[in-house]
Amino acid sequence: MADDIPDEFDEPDDDAAGSVPGPGPAGPLTYTVPAPAAGLRLDKALAAGLPDLSRSRVQALLEQGCVRGDGRTITDASLRVKPGQTFVLQVPEAEAAEPQPQDIPLTVVYEDADVLVIDKPAGLVVHPAAGNADGTLVNALLAHCGDSLSGIGGVRRPGIVHRLDKDTSGLMVVAKHDRAHHGLTEQFADRTLSRTYLALVWGVPNPRQGRIEGNIGRSSADRKKMAVVTGGGKPAATRYRVVKSFGMAASLVECVLETGRTHQIRVHLTHIGHPLVGDPLYGRGRSGRPGGKFASLLPEPARTSLAGFPRQALHAAALTFRHPVNGEIVAFRSSIPADIHELIVTLETV
């Protein structure tokens, strides 16, 4: 992690559920329909042929009248394309949004003049992005900290050093000035900042303790997903330990990040056959049902409770770092949230 910012920001920002980020490149883009794409919807064909643009971004460009073909402006995303048709997309320059302070309650675990440690609830987006212009942690921080955060870490991410996915709960550290921001990002870069997560997963990993290593990159099968890839991606490693198992159907697993790739824990645990309970992207087995074969090992109502859990059961439970100003080692822990705790109680009664 040798970049100026931690690896959480190396990959596209997936805070918005189901989104594939970024406004994409500005300027005109030209796409000619190849024979295999004949009959596809226009929005789907353009998203497939122009990988820098997500389908939702293409749909927005169509609605804004930024797509021309056959000598006319086209706004119909469902238009079926024909081989040889050429479309030109005028992609506007991205505008840097200025987040506004919003009075959103925060659970502050620790605060001094330099840093702030918060316990983020599930459902709170970290910073403004496509589909989440406000109501984010950044908006809350601007209200809590005032003008001191201005510009630290960039306009859209003031004070943010790392992030958690929207539906992941737990501990985050925020820098309150440039010196603190620089000191914390250095610790992400040299991997001296420690992050420990608790995950409720389908099945029981074997061995019960180990290290998962595998490059993570964008999935070739589904652009909304990340995957363990060969011949590309970025190196990633996760150490894990089974804390408690519930028969063979599920287990509580402690994960320690050695790197910080997008969706790393979710991807790595899925890669070894044990996706997170409730994970909307990675939690379905080959059958297409949540939990796959592991869910069938549970009686009702436990099976329904786990299969219907509305978010990935992942919690950032511990955070240790060197204070960026006074140099002291500080450590924080967060209790597992009530919704995951209720699932564990349900499993314990099976």
Side-chain angles (χ1 to χ4, degrees), residues 1-10 106-122 124 126-127 137-138 140-141 144-146 148-149 151-154 157-165 168-199 209-213 234-244 252-265 268 314-337 340:
M1 298 201 299
D3 297 331
D4 291 335
I5 52 178
D7 287 348
E8 281 84 346
F9 297 148
D10 285 354
L106 291 174
T107 300
V108 177
V109 176
Y110 173 82
E111 182 174 13
D112 61 21
D114 310 302
V115 297
L116 180 71
V117 177
I118 63 106
D119 199 337
K120 186 186 88 67
L124 180 63
V126 170
H127 52 71
L137 175 61
V138 161
L141 289 171
H144 181 85
C145 299
S148 65
L149 288 183
I152 301 170
R157 297 170 171 148
I160 300 298
V161 183
H162 64 127
R163 72 172 178 87
L164 299 177
D165 289 330
T168 298
S169 56
L171 297 172
M172 289 184 60
V173 59
V174 176
K176 297 179 75 173
H177 52 73
D178 284 321
R179 180 182 173 190
H181 192 274
H182 180 69
L184 289 169
T185 54
E186 279 191 337
Q187 291 179 62
F188 274 98
D190 62 21
R191 305 181 186 181
T192 56
L193 185 149
S194 173
R195 292 163 289 166
T196 301
Y197 292 73
L198 289 173
Q209 182 170 331
R211 184 174 184 268
I212 309 167
E213 187 172 6
K234 297 180 180 179
T238 305
R239 301 195 307 275
Y240 74 90
R241 176 179 67 89
V242 174
V243 176
K244 188 171 187 178
L252 183 66
V253 178
E254 179 185 86
C255 298
V256 178
L257 291 177
E258 292 186 16
T259 55
R261 311 306 183 191
T262 298
H263 296 178
Q264 178 172 318
I265 290 173
H268 270 173
L314 183 62
H315 180 66
L319 179 66
T320 302
F321 58 91
R322 185 180 67 257
H323 192 285
V325 175
N326 63 33
E328 294 181 1
I329 300 297
V330 290
F332 305 94
R333 294 198 67 85
S334 168
S335 299
I336 204 159
I340 299 178

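Residues: numbered from 1 along the sequence shown. Side-chain atoms are counted along with the backbone in the values below, which use heavy atoms only and exclude waters and symmetry mates.
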Please find the pair of heavy atoms, one from [X] and one from [Y], that lie closest to each other, and give the distance.
X: Leu319; Y: Met172; value: CD2-C, 4.1 Å
X: Ala122; Y: Ser169; value: N-CB, 3.8 Å
X: Lys120; Y: Leu164; value: CE-CB, 3.7 Å
X: Gly159; Y: Val174; value: O-CG1, 3.3 Å
X: Arg179; Y: Val325; value: NH2-O, 3.6 Å
X: Phe332; Y: Leu171; value: O-CD1, 3.5 Å

Hey, are Glu258 and Arg239 close enough for a salt bridge, meaning a charged N less than 4.0 Å from a carboxylate O?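 Answer for the salt bridge query: yes.
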Would you say the rings of Phe188 and His162 are close, in the sense that their centroids are separated by under 6.0 Å? yes
[X] vs [Y] side-chain heavy atoms within contact, under 4.5 Å:
X: Leu257; Y: Gln264; value: yes
X: Pro158; Y: Val138; value: yes
X: Leu106; Y: Leu141; value: yes
X: Arg211; Y: Thr238; value: no
X: Val253; Y: Val243; value: no
X: Pro235; Y: Thr259; value: no
X: Pro324; Y: Glu186; value: no
X: Ile118; Y: Thr107; value: no

Quick check against the 3.5 Å criterion: does Arg241 have a side-chain atom that pairs as donor or acceptor with the backbone of Gly210? no
Let me confirm one number: the [atom1]-[atom2] distance from [X] to [Y], rounded to the nearest 0.5 Å.
X: Thr185; Y: Leu193; atom1: OG1; atom2: CG; result: 10.5 Å
X: Gln209; Y: Glu254; atom1: CD; atom2: CD; result: 9.0 Å
X: Ile340; Y: Ser335; atom1: CD1; atom2: OG; result: 12.0 Å
X: Leu116; Y: Lys176; atom1: CG; atom2: NZ; result: 6.0 Å
X: Leu314; Y: Leu198; atom1: CG; atom2: CG; result: 8.5 Å

With side-chain contact (heavy atoms from CB on, under 4.5 Å) as the test, would you mind laying out the steps for Thr262 and Arg163 before giving the verdict? CA-CA 10 Å; Thr262 298; Arg163 72 172 178 87; 4.2 Å; yes
Stepwise side-chain contact (heavy atoms from CB on, under 4.5 Å) check, Val330 with Thr320: CA-CA 6 Å; Val330 290; Thr320 302; over 6 Å; no
Show the numbers, then the answer: is there a side-chain contact (heavy atoms from CB on, under 4.5 Å) between Leu252 and Val242? CA-CA 6 Å; Leu252 183 66; Val242 174; over 6 Å; no
For the side-chain contact (heavy atoms from CB on, under 4.5 Å) test, which of Glu328, Gln187, Arg195 pairs with Phe321?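 Filter result, single survivor: Gln187.
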Would you check if there is a donor-acceptor pair between the side chains of Thr168 and His315 at a distance under 3.5 Å?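 No, Thr168 and His315 have no side-chain donor paired with an acceptor closer than 3.5 Å.
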Does a sphere of radius 6.0 Å around NE2 in His323 hold more than 12 heavy atoms from other residues, nucleotides or ligands, not counting ones at 6.0 Å or beyond?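 More than 12 within 6.0 Å, yes.
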What's the verdict on side-chain hydrogen bond (donor to acceptor under 3.5 Å, both in side chains) for Glu111 and His144, showing C-alpha distance, side-chain angles and the deciding distance? CA-CA 11 Å; Glu111 182 174 13; His144 181 85; 3.0 Å; yes
Quick one, His127 with Leu137, criterion side-chain contact (heavy atoms from CB on, under 4.5 Å). Give me CA distance, side-chain angles, the key distance, then yes/no. CA-CA 6 Å; His127 52 71; Leu137 175 61; over 6 Å; no
